[in-house]
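Letters go in sequence order (proteins before strands), and every chain restarts at 1.
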Number of protein chains: 2
Amino acid sequence: MTTPGRGLHGRVLDALGPAITAGEYPPGSVLRTDELAQRFDVSRSVMREAVRVLESMHLVESRRRVGVTVRPRAEWNVYDPQVIRWRLAGADRPHQLRSLTVLRSAVEPVAAGLAATHATAEQCAELTRCALGMVATSRGHRLQDYLVHDVAFHRMILVASGNEMFARLGDVVAEVLAGRTHHEVMFEDPDPAAVTLHVQLAEAVREGDPVRAERLTREITVGALQELDILAP
Amino acid sequence: MTTPGRGLHGRVLDALGPAITAGEYPPGSVLRTDELAQRFDVSRSVMREAVRVLESMHLVESRRRVGVTVRPRAEWNVYDPQVIRWRLAGADRPHQLRSLTVLRSAVEPVAAGLAATHATAEQCAELTRCALGMVATSRGHRLQDYLVHDVAFHRMILVASGNEMFARLGDVVAEVLAGRTHHEVMFEDPDPAAVTLHVQLAEAVREGDPVRAERLTREITVGALQELDILAP
DNA sequence: GAAGCTAAAAAGTCAGACTTATTCATCACA
DNA sequence: TGTGATGAATAAGTCTGACTTTTTAGCTTC
């Protein structure tokens, strides 16, 4: 989690961002900087900085003589980690979770395949450590500890792929896994089959078997998708 | 392409963004707002807005008493369309092009599979139109016209997938295809085999055959990757 | 009814004064 | 000698008020 409230403009963003992404101000809505500044009790300069940030996320568009217009959802920078967090915290969390899980199902298998050929010895070792950690915490209602290893594991796969675009999805995957553990599914211990798949995946990467690594990851992500289907068919 | 120079702070960004992403200010470099404001001949308020935007892209970090620090590349929001454009315009364009093409190879096949089951009749029709347009412009050095249809085709696949995360990669794919046509490979007419694959893909989606759609798209993206290997082995 | 003019509205810009957090160097004390 | 407290310097952060610029909407005129 990033620092919540780095300055006044950050506070404003923490209030406005979630409101906009939640659809509280529907696309086309017009806000006025001065009015917002009054509402949040900050100076116009601070408000302007906040608007600039929202603008860079393509959440709003600022035009002279008209005001700050909320843009349609299709134009939002939905890969911005901040936007993702705001949306995950809001009402369309289930929808968002599904979108991201589908993205994972596309990216992670390919990343795992690349990791099998590119991973360094240290990365392989770390991967195995994570898998063992998952095994060790997979029983006895230690979901919180399990999550830590799970996140580290998937993050390492993405980093070890050697592709920076994949690597930067680590935070997204972390959010999805955390969200799953905290609010939605998984009230009991994780599926033993899934744990085994992770151990085997670490093996495949270590042995430099991209085909097997990709196939195993596909099984993992299919499982993640099925979890969602069970929850919201 | 977005509007270049929407206000003074935009001009500053158009100068600073490319400089930072090009590594002109290496990670750890410290800039001072006042100095930058002087250099670009703008007021401090304008400069502060620009810094806030760079900060929201995780390109820099602003801290009291120390200044504006350039963050390490690994922390940049590399999915921000603006950042992508800056980097594609800079020195590590080849590296960036490769990263993005690998991303395409992961995402597009899955998107095509989803499109085969989710695409509306109108989307299927548009897809076919695009494919025919590609055929029509595939000979006689009409690369510019070909590109338009190619971009529209891939964009439609991503949109028709029904997943918003995929849909938002349309701009990225457009940048990659445009970059390829304009500067790097493709001095002659496009590969006829690739054109055929697109026609068949439109077919597969129309017929609702996800497996075939995914397989065909994999062939297309493998081709795109090979093009890069030929250029920079 | 179309073209052009005018006035208002809201963002954009600037300058300057002031506040606050953070760092670094100095100094006293153990 | 090392450690902790003190204080000054520094750069970002904030606020205010005046002014500029662009764009729209309404009105006038032909």
* Can you pull out how bent the helix from C:dG1-D:dC30 to C:dA30-D:dT1 is, comparing the axes over its first five and last five pairs, to 10°? => 10°
* Asked: For residues A:Ser45 and B:Ser45, is any side-chain donor paired with an opposing acceptor at under 3.5 Å?
  -> no
* Does anyone know the first and last nucleotide of DNA chain D in reach of chain A, 5' to 3', at under 4.0 angstrom to a heavy atom? -> D:dT14 to D:dT24
* Asked: With sequence neighbours left out, which residue pairs that include part of residues 15-32 of chain A fulfil the salt bridge (Lys or Arg N to Asp or Glu O under 4.0 Å) condition?
  -> A:Arg32-A:Glu35
* side chain to side chain contact (heavy atoms under 4.5 Å, CB included) with A:Arg64: which residues, sequence neighbours excluded? -> none
* **Heavy-atom pair with the smallest gap, counting every atom of B:Leu201 and B:Ala112** => CD1-CB, 4.2 Å
* Structure fact -> Checking A:Arg85, A:Arg180, A:Arg104 against A:Glu175 for salt bridge (Lys or Arg N to Asp or Glu O under 4.0 Å), the one that qualifies is A:Arg85
* To do: Spell out, as yes or no, whether a donor-acceptor pair under 3.5 Å connects the side chain of B:Glu55 to the backbone of B:Ser62.
  => yes
* Shortest non-hydrogen contact from B:Pro27 toward B:Pro72 -> CB-CA, 3.7 Å
* Asked: Would a line drawn from the ring center of B:His154 to the ring center of B:His198 be shorter than 6.0 Å?
  -> yes
* **Test side chain to side chain donor-acceptor pair (under 3.5 Å) applied to B:Ser138 - qualifying residues, sequence neighbours left out** => none
* Using a 4.0 Å heavy-atom cut-off, write out nucleotides 10-18 of chain C from 5' to 3' as B (base contacted by protein), S (sugar-phosphate only) or - (no contact). => SBBBB--B-
* **Heavy-atom pair with the smallest gap, counting every atom of A:Ala50 and A:Val12** => CB-CG1, 3.9 Å
